[in-house]
Visitor: 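Encoded as C-alpha cells, here's the structure I'll be asking about.
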Amino acid sequence: MPDTQTVTRFAPSPTGFLHVGNMRAALMNWVIARKAGGTFILRLDDTDPERSREEYADAIREDLEWLGLTWDREERQSQRLDRYAAAADTMRDSGRLYEAFETPTELDLKRKKQLNMGKPPVYDRAALSLSDGERAALRAERDGHWRFLLDRERIEWTDGILGPLSIDAASLSDPVLIRGDGQVLYTLASVVDDTEMGVTHVVRGSDHVTNTATQIQIIEALGGTAPQFAHHSLLTSPQGEGLSKRLGTLSLRDLRAAGVEPMALLSLMARLGSSQPVELRTSLDEIVEGFEIGQFGAAPTKFDENDLKPLTAHHLQSLPLPAVEDDIAALGVPEDERERFWTVVRENIATRAEMADWWALMTEGARPDIPEDDRPFVAEALSLLPDAPWTAQSWDDWTAAAKAASGRKGAALFKPLRLALTGRTTGPAMGDLMPLLRRKPSL
C-alpha cells in the first residue's frame with residue numbers, strides 16, 4: 001500500500017545552476033517519495049537576497065522538468081521568514097538561543113589559540129558569561145549573531161546509508177543560526193521547514209553529517225521529530241579528486257547542451273555508488289522500481305561524464321520513430337522519408353544533434369578527402385556511377401562494376417568508395433544509405 005505520509009524535499013539555493021552533485025540528491029529524494037506514493041517538495045533556499053536570482057530558480061525548474069522529476073508543491077524560504085522568527089523566539093524563551101558578538105577575526109584568533117594549545121577549535125561560549133551591561137555596550141558598537149546552545153551529549157541516529165552514527169556534541173561549536181545582519185542561515189531555516197512541512201526522509205551528501213547532528217537537537221528543541229536521514233557519498237573525478245572545483249563544468253544545462261539524454265543521466269545516477277551495476281533504464285518507473293537507498297555505500301564515488309556517452313547512444317538506439325520525430329521533422333526530412341532516415345542513422349549517432357550531420361550529407365552530398373593513391377580509382381569508379389536517385393541495389397551494382405574495371409576487392413574496393421560517397425570510413429550499410437543520398441560527389 002502507498003505510504004502517503006512519506007514526504008521528501010529537494011532544497012537547492014537559486015544561486016547557480018544545478019550540477020550532477022545536487023541532482024543526485026534530488027533524484028534520491030524524488031524516488032523515495034514516488035516509490036512510497038508520498039509527496040516530493042521543491043523548496044528553494046532563497047534566504048540570501050544578495051546571491052539568489054530568479055533566473056537560477058527558473059533554471060532549476062527547467063532542469064528538473066527536463067529530467068522528469070516533477071514536484072508536488074513548491075516552497076520558497078524567502079516567504080517563510082516569519083516562521084523562522086517565531087522559531088527563534090521560542091528558542092530564546094527556552095534559553096537555547098543566545099546572542100554572541102565576536103567578529104570573524106576574533107573567532108579566528110580564538111581557534112588558532114586553541115589549536116596551538118592542542119585543543120579542538122570549539123567556540124568557548126564566552127558570550128554566555130557577559131553581563132547585561134556588557135551586552136548592551138557590545139550591541140552599541142556591533143551587530144550580534146545568534147547561536148544555538150547545544151546539549152553537550154552524544155547525538156545518535158541510524159543513517160539510511162551510513163548505518164548507526166554517533167557524534168559527541170561537546171566536539172562541536174554552537175552553530176550560528178542568525179547572522180549579525182539578521183539573515184537566517186540554512187541550519188535554522190531547514191529545520192523549521194522540515195518540521196512544519198512534515199518531512200519524513202532527508203537524503204543529502206555526507207558532508208552534511210555534522211549538520212545533521214546539530215539539526216537533530218534543534219528539531220527536538222522545537223518539539224519536532226527528526227526525519228530519517230541518509231547521507232550519500234561524495235562524487236570524485238575518475239582519478240579520485242574532489243569534484244568541487246569542476247562542478248561548474250558539470251551543470252545539467254551543460255550536459256544537456258552536450259547532447260546527454262535525461263534517461264542516460266538518470267540511469268547512471270540512480271545506481272552510481274551502489275552495489276548494483278549501472279543499467280540503462282527506459283522509464284522513470286523502472287528507475288523507481290529498482291531503487292533501494294540501503295544499497296548505496298559510504299566510499300567516495302567516482303563520476304566520469306564519459307560514461308554518459310554510451311548510455312546516451314544506447315538510449316537513442318532504443319527509441320522508436322515517434323520519440324524522435326519532432327527532431328527529425330525540424331531538420332526538414334519529408335514525412336515519407338522519416339522512418340527510413342531513422343532506421344538508417346539510429347545506430348550511427350551518439351547524440352540527437354548528430355542527426356543533422358547525416359541529413360546534411362544526404363541533401364548536400366559529401367566532400368571527401370580521398371588519399372592520393374586512391375584518387376585515380378575513385379575517379380574511374382565515379383564515372384561508372386549513374387546519377388541519383390539510387391535504390392537499395394545501387395551499391396552492389398556499382399561496386400561490382402568498379403571491381404570489374406579495377407580488379408580491386410575487399411577493403412581496397414569498398415573503403416574508398418564509401419569514403420567518396422559519405423566522407424566517412426564507417427557508417428550505415430551502404431545499401432540502406434544510398435537511397436537517401438541525393439547528390440553524386442565530385443573530386
Side-chain angles (χ1 to χ4, degrees), residues 8-30 40-71 73-81 84 176-177 179 181-191 193-194 199 202-212 215 231-238 241-262 264-266 268-270 272-273 300-306 308:
T8 67
R9 47 73 165 178
F10 175 50
S13 298
T15 56
F17 298 117
L18 288 188
H19 53 71
V20 291
N22 47 28
M23 171 261 172
R24 193 171 178 219
L27 174 60
M28 289 181 173
N29 285 287
W30 181 87
F40 176 66
I41 301 171
L42 171 60
R43 194 170 75 207
L44 296 175
D45 180 0
D46 58 350
T47 57
D48 186 341
E50 294 183 1
R51 299 178 60 231
S52 297
R53 297 284 185 273
E54 196 59 33
E55 65 189 272
Y56 291 132
D58 291 338
I60 288 169
R61 298 186 193 98
E62 180 183 346
D63 286 340
L64 292 177
E65 288 171 349
W66 174 66
L67 291 169
L69 305 184
T70 55
W71 52 97
R73 76 176 200 257
E74 180 181 318
E75 300 283 354
R76 302 192 70 137
Q77 291 188 328
S78 60
Q79 298 174 2
R80 291 178 48 79
L81 299 180
Y84 311 142
V176 176
L177 301 188
R179 291 196 329 195
D181 61 3
Q183 183 182 325
V184 174
L185 297 184
Y186 163 83
T187 304
L188 175 58
S190 181
V191 162
D193 288 346
D194 287 346
V199 172
V202 174
V203 184
R204 53 189 179 186
S206 58
D207 53 336
H208 283 281
V209 167
T210 300
N211 288 340
T212 294
Q215 287 179 347
H231 295 83
H232 60 70
S233 60
L234 299 182
L235 297 179
T236 72
S237 71
E241 302 167 340
L243 283 186
S244 57
K245 293 183 179 179
R246 295 193 55 223
L247 285 177
T249 66
L250 294 175
S251 70
L252 267 61
R253 61 178 39 222
D254 287 341
L255 293 175
R256 182 163 69 246
V260 171
E261 289 287 312
L265 182 57
L266 290 164
L268 177 63
M269 302 309 284
L272 194 65
T301 300
K302 294 181 179 181
F303 171 81
D304 187 348
E305 60 264 43
N306 290 321
L308 293 167

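Residues: numbered from 1 along the sequence shown.
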Visitor: I'd like to know if Arg43 pairs up with Asp194 as an ion pair, taking the criterion as any Lys NZ or Arg NE/NH1/NH2 lying under 4.0 Å from an Asp or Glu carboxylate oxygen.
Guide: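 Salt bridge: yes.
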
Visitor: Can you find a pair of side-chain heavy atoms, one from Leu250 and one from Leu235, that are under 4.5 Å apart?
Guide: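 Leu250 does not reach Leu235 side chain to side chain.
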
Visitor: Only counting residues at least two apart or in another chain, list the ones meeting ring-ring contact (aromatic ring centres under 6.0 Å, His included) with Tyr186.
Guide: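 Tyr186: ring-ring contact (aromatic ring centres under 6.0 Å, His included) contacts with His208.
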
Visitor: Looking at Lys302 and Ser237, what are the two nearest heavy atoms and their distance?
Guide: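 Minimum heavy-atom separation between Lys302 and Ser237: CG-O, 3.6 Å.
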
Visitor: Which residue is it: Ile41, Leu42, Val203? I am looking for the one with a side chain to side chain contact (heavy atoms under 4.5 Å, CB included) to Arg9.
Guide: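 Per the side chain to side chain contact (heavy atoms under 4.5 Å, CB included) rule, the option paired with Arg9 is Ile41, out of Ile41, Leu42, Val203.
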
Visitor: Any side-chain heavy atom of Leu308 sitting closer than 4.5 Å to one from Leu265?
Guide: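 Of all side-chain heavy-atom pairs linking Leu265 with Leu308, at least one is under 4.5 Å.
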
Visitor: Let me see the working for Tyr84 and Leu177 under side chain to side chain contact (heavy atoms under 4.5 Å, CB included), right down to the final yes or no.
Guide: CA-CA 10 Å; Tyr84 311 142; Leu177 301 188; over 6 Å; no

Visitor: Okay, side chain of Arg256, backbone of Asp63: is any donor-acceptor separation there less than 3.5 Å?
Guide: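 Flag not set: sc Arg256 to bb Asp63 has no pair under 3.5 Å.
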
Visitor: Does atom CD of Glu50 have more than 12 heavy-atom neighbours from other groups under 6.0 Å away?
Guide: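 No, because the 6.0 Å sphere around CD of Glu50 holds 12 heavy atoms or fewer from other groups.
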
Visitor: Could you tell me if the side chain of Asn22 sits less than 4.5 Å from the side chain of Phe10, heavy atoms only?
Guide: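 Contact flag for Phe10/Asn22 side chains = yes.
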
Visitor: Between Arg76 and Glu54, does at least one N-O distance fall below 4.0 Å, as a salt bridge requires?
Guide: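 Yes.
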
Visitor: Do you know which two heavy atoms are closest between Ile60 and Ser13, and how far apart they sit?
Guide: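 Looks like CD1-O, 4.1 Å.
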
Visitor: Between Phe40 and Thr70, does the side chain to side chain contact (heavy atoms under 4.5 Å, CB included) criterion hold? Intermediate values first, please.
Guide: CA-CA 8 Å; Phe40 176 66; Thr70 55; over 6 Å; no

Visitor: Is there a side-chain contact between Leu64 and Arg61, using heavy atoms and a 4.5 Å cut-off?
Guide: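 Result no, sub-4.5 Å side-chain heavy-atom pair not found.
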
Visitor: Does the side chain to side chain contact (heavy atoms under 4.5 Å, CB included) test come out yes or no for Thr15 and Ser52, once each step is laid out?
Guide: CA-CA 5 Å; Thr15 56; Ser52 297; 4.1 Å; yes

Visitor: Taking side chain as C-beta onward, heavy atoms only, is Leu67 less than 4.5 Å from Leu252?
Guide: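 With C-beta onward as the side chain, the pair touches.
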
Visitor: Distance from Asp46 atom CG to Arg80 atom CZ, nearest 0.5 Å?
Guide: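 One gets 11.5 Å once the value is rounded to the nearest 0.5 Å.
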
Visitor: Tell me, with the steps shown, if Trp30 and Leu266 meet side chain to side chain contact (heavy atoms under 4.5 Å, CB included).
Guide: CA-CA 12 Å; Trp30 181 87; Leu266 290 164; over 6 Å; no

Visitor: Please check if the number of heavy atoms outside Arg51 that lie under 6.0 Å from its CZ is greater than 12.
Guide: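 Atom CZ in Arg51 is not crowded, with 12 or fewer foreign heavy atoms closer than 6.0 Å.
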
